[in-house]
Protein chains: 2
Amino acid sequence: MVLTEATTEQDRCHDRDEPPTGRQRVLEAAAWLFHRQGYRETTLRDIATASAMKAGSIYYHFDSKEQLLAAVLETGIERITADFVEAARAMPVDVAPRERLRRHVLAHLEALFIHGPFTTSHVTVFKNAPNAVRALAIPSRDAYEARWAELFDRFATEAVLKPGVDLALQRVLLLSTANATLDWFDRLGPHTVEDLAAALTNQFWLGVSALEPGAKRHRGSSPQPSSVPTAQGSTTTP
Amino acid sequence: MVLTEATTEQDRCHDRDEPPTGRQRVLEAAAWLFHRQGYRETTLRDIATASAMKAGSIYYHFDSKEQLLAAVLETGIERITADFVEAARAMPVDVAPRERLRRHVLAHLEALFIHGPFTTSHVTVFKNAPNAVRALAIPSRDAYEARWAELFDRFATEAVLKPGVDLALQRVLLLSTANATLDWFDRLGPHTVEDLAAALTNQFWLGVSALEPGAKRHRGSSPQPSSVPTAQGSTTTP
DNA sequence: GTCTATAACATGATAGAC
DNA sequence: GTCTATCATGTTATAGAC
C-alpha cells in the first residue's frame with residue numbers, strides 16, 4: 001500500500017474549459033461520496049459509477065482506496081489554506097480585530113460550504129479514516145491550524161481579549177464550532193454563509209448575554225421564543 | 001430486519017452486584033467499540049471478543065447489528081436525558097441564569113465524558129448510522145433538544161439575552177460546540193470537566209472580547225501566547 | 001446461552017484484452 | 001485509459017449441536 005505522492009499538480013487546479021480528466025473525475029466523485037456517505041460506506045463501485053467508469057479502471061489512476069482518500073484530504077487542506085491566505089491578503093491594513101476575525105471565519109465557512117466537498121471531507125471523514133491516511137494528513141492540518149494560532153496570538157498581543165483566556169482552547173472552540181455548522185446549517189441556520197459567519201463571530205466575540213459584564217441594555221426587539229420541537233432530523237443532539 | 005423494541009428494561013440499569021448478563025455485556029462492548037472505531041469499522045467478531053463470546057452467540061440477544069446500534073443509541077439518549085432532568089431537579093430555585101446554564105452544560109458534558117460510551121455514540125456514530133437506525137433515534141433526540149429549547153426560551157422570557165438573538169441558532173451552536181469537545185478535550189482541554197463546563201459557559205455567555213460592548217478593562221494577567229504548532233494529531237481542523 | 005460450522009453476500013484489488 | 005472478468009478476503013447472518 002503506497003500512500004506517498006497523494007496529489008499531483010493537476011489535482012489542485014485544472015483548466016476550466018477542458019472536460020475534466022479521468023483522474024479528476026474520480027477524485028471529485030470520491031470527495032463528494034466520502035463527504036456524503038463516509039469512507040467505509042462508499043465503495044469503489046459507487047465512485048466508479050459517479051465517475052462514469054468501471055471499478056477496475058480506478059486503479060489506473062490510484063493505487064488503492066486509501067490513497068484516493070489521502071488525495072482528497074490533501075486537496076481539501078490545500079484549498080482551505082489557500083482561502084485563508086487569500087483572506088489575509090485581501091485584509092485592509094487598519095481593520096478592527098473583530099472584523100479581522102469575521103473575515104477569516106467567513107473564508108473558512110466558504111471553503112466548507114462553497115468550495116466543494118474536498119474541504120468538508122476533513123470534517124466528515126478524517127476522524128474515521130484509516131490510521132495511515134490520518135497520519136499522512138496531520139501535518140497539513142496542523143499547519144492550517146497554526147495560521148489560526150497566529151491570528152489569535154495577534155489578538156493577545158493587541159490585548160483585545162479578556163485577560164487570562166486560554167488561546168489554544170478558544171481557538172479550538174471556535175474552529176470546532178465552525179466545522180460543526182456543516183451538520184445543521186441547511187436545516188436552521190441563517191440564510192447566507194455571510195450571515196452565519198457574522199452570527200458565529202458575534203457570538204464568539206461578544207457572547208449572548210445582554211447584561212454582563214456591566215454592559216448597557218440594548219434597545220430593540222426582544223428575542224422571540226423558539227419553536228420547541230425543532231426540525232425532524234436532529235443532527236446536533238446530544 | 002426488525003428494529004422495534006430496541007431496548008429492554010435491563011438495558012437501562014442492572015444490579016451493580018450481579019455480574020452483567022450476556023446481553024448487557026454485548027451492549028456495553030458494542031457501545032464502546034462503536035464510539036471508538038465507528039459502526040462500520042466494528043465487526044460482530046470485535047464485539048463478540050470484547051464480550052467474551054463468539055460472534056454467532058450475539059444473535060441470541062439481538063436480531064441484527066443494526067438493532068444493536070439502535071439499542072445503544074436509545075440507551076444513550078435515555079441516560080443523557082435522565083442527567084438533564086436530574087440537573088434540573090437539583091437546581092436551586094433562585095439560581096442566576098448563567099449558573100443555570102453552566103449546570104446544564106456540566107450535566108451534558110458529564111453524560112458524555114463520564115457516563116460511558118452510550119451517550120457519546122450519539123455524537124460519534126449517529127451521523128453515519130444506517131437510515132433505518134437514524135430514523136428510529138430521531139424522536140428521542142428531538143425530545144432531548146426540546147428540553148434545551150425550553151431552557152433557552154426561559155432565558156428569553158427573563159430578557160437576559162441580547163435582543164434579537166436567534167434562540168434556535170444559539171442553542172444549536174452551544175450544543176454542537178459541547179459535543180465537539182469530545183474530539184479534543186483529552187488533548188488540550190482544561191483538566192476537569194467542571195473547568196471545561198465553566199469555560200464553555202463563560203465563552204458562550206460573555207464572549208472573549210475584553211473591550212466590547214463598552215465593558216471596563218479587567219485587571220489581571222494578560223493572555224499568554226499559545227504554542228503555535230499545537231499538538232500532533234489535529235482533530236479539529238479545518 | 002453459547003458453541004461450531006457454514007451459507008450468502010459484498011468488497012478491494014488484480015490480470016489481461018481492447 | 002477503460003473494459004470485462006475474477007480472485008481473495010472479510011462480513012453479516014443462519015442452522016443445529018451441546
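Here is the naming used below: chain letters follow the sequence lines, and residue numbers restart at 1 for every chain.
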In a table with atom names and distances, give each donor-acceptor pair under 3.5 Å that connects a side chain of residues 51-58 of chain B to protein atoms at least two apart or in another chain.
| residue | atom | partner | partner atom | Å |
| --- | --- | --- | --- | --- |
| Ser51(B) | OG | Ile47(B) | O | 2.6 |
| Ser57(B) | OG | Lys54(B) | O | 3.4 |

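As a whole-Å value, the separation of Ile58(B) CD1 from dT11(D) P is 13 Å. Rounded to a whole Å, the CG atom of Leu33(B) is 12 Å from the P atom of dT12(D). The distance from atom CG of Leu68(B) to atom C1' of dA13(D) is 14 Å, rounded to the nearest whole Å.
When the side chain to side chain contact (heavy atoms under 4.5 Å, CB included) test is applied to Thr49(A), no partner is found at least two apart in sequence or on another chain. Taking the salt bridge (charged side-chain N to carboxylate O under 4.0 Å, His left out) definition, one finds that Arg40(B) meets it with nothing, sequence neighbours left out. Arg36(B) meets the salt bridge (charged side-chain N to carboxylate O under 4.0 Å, His left out) test with no other residue; sequence neighbours excluded. The side-chain hydrogen bond (donor to acceptor under 3.5 Å, both in side chains) search around Asn131(B) returns Arg134(B), not counting sequence neighbours. Legend: residues meeting side chain to side chain contact (heavy atoms under 4.5 Å, CB included) with Ala107(A), ordered by chain and number and at least two apart, are Ala87(A). Gln37(A) pairs by the side chain to side chain contact (heavy atoms under 4.5 Å, CB included) definition with Leu33(A), Glu41(A), Thr42(A), Asp46(A), not counting sequence neighbours.
Mapping heavy-atom proximity under 4.0 Å, the span of DNA chain C touched by chain A runs 5' to 3' from dT11(C) to dT14(C).
Between Ser57(A) and Gly56(B), the residue anchored nearer the 5' end of DNA chain C, judged by the nucleotide with its closest heavy atom, is Gly56(B).
Near-neighbour residues of DNA chain C inside residues 35-54 of chain A, defined by a heavy atom below 4.0 Å, number-ordered: Thr42(A), Thr43(A), Leu44(A), Arg45(A).
The aromatic rings of Phe84(A) and Tyr144(A) stand perpendicular to each other, their planes meeting at an angle above 60°, with 30° marking the opposite boundary.
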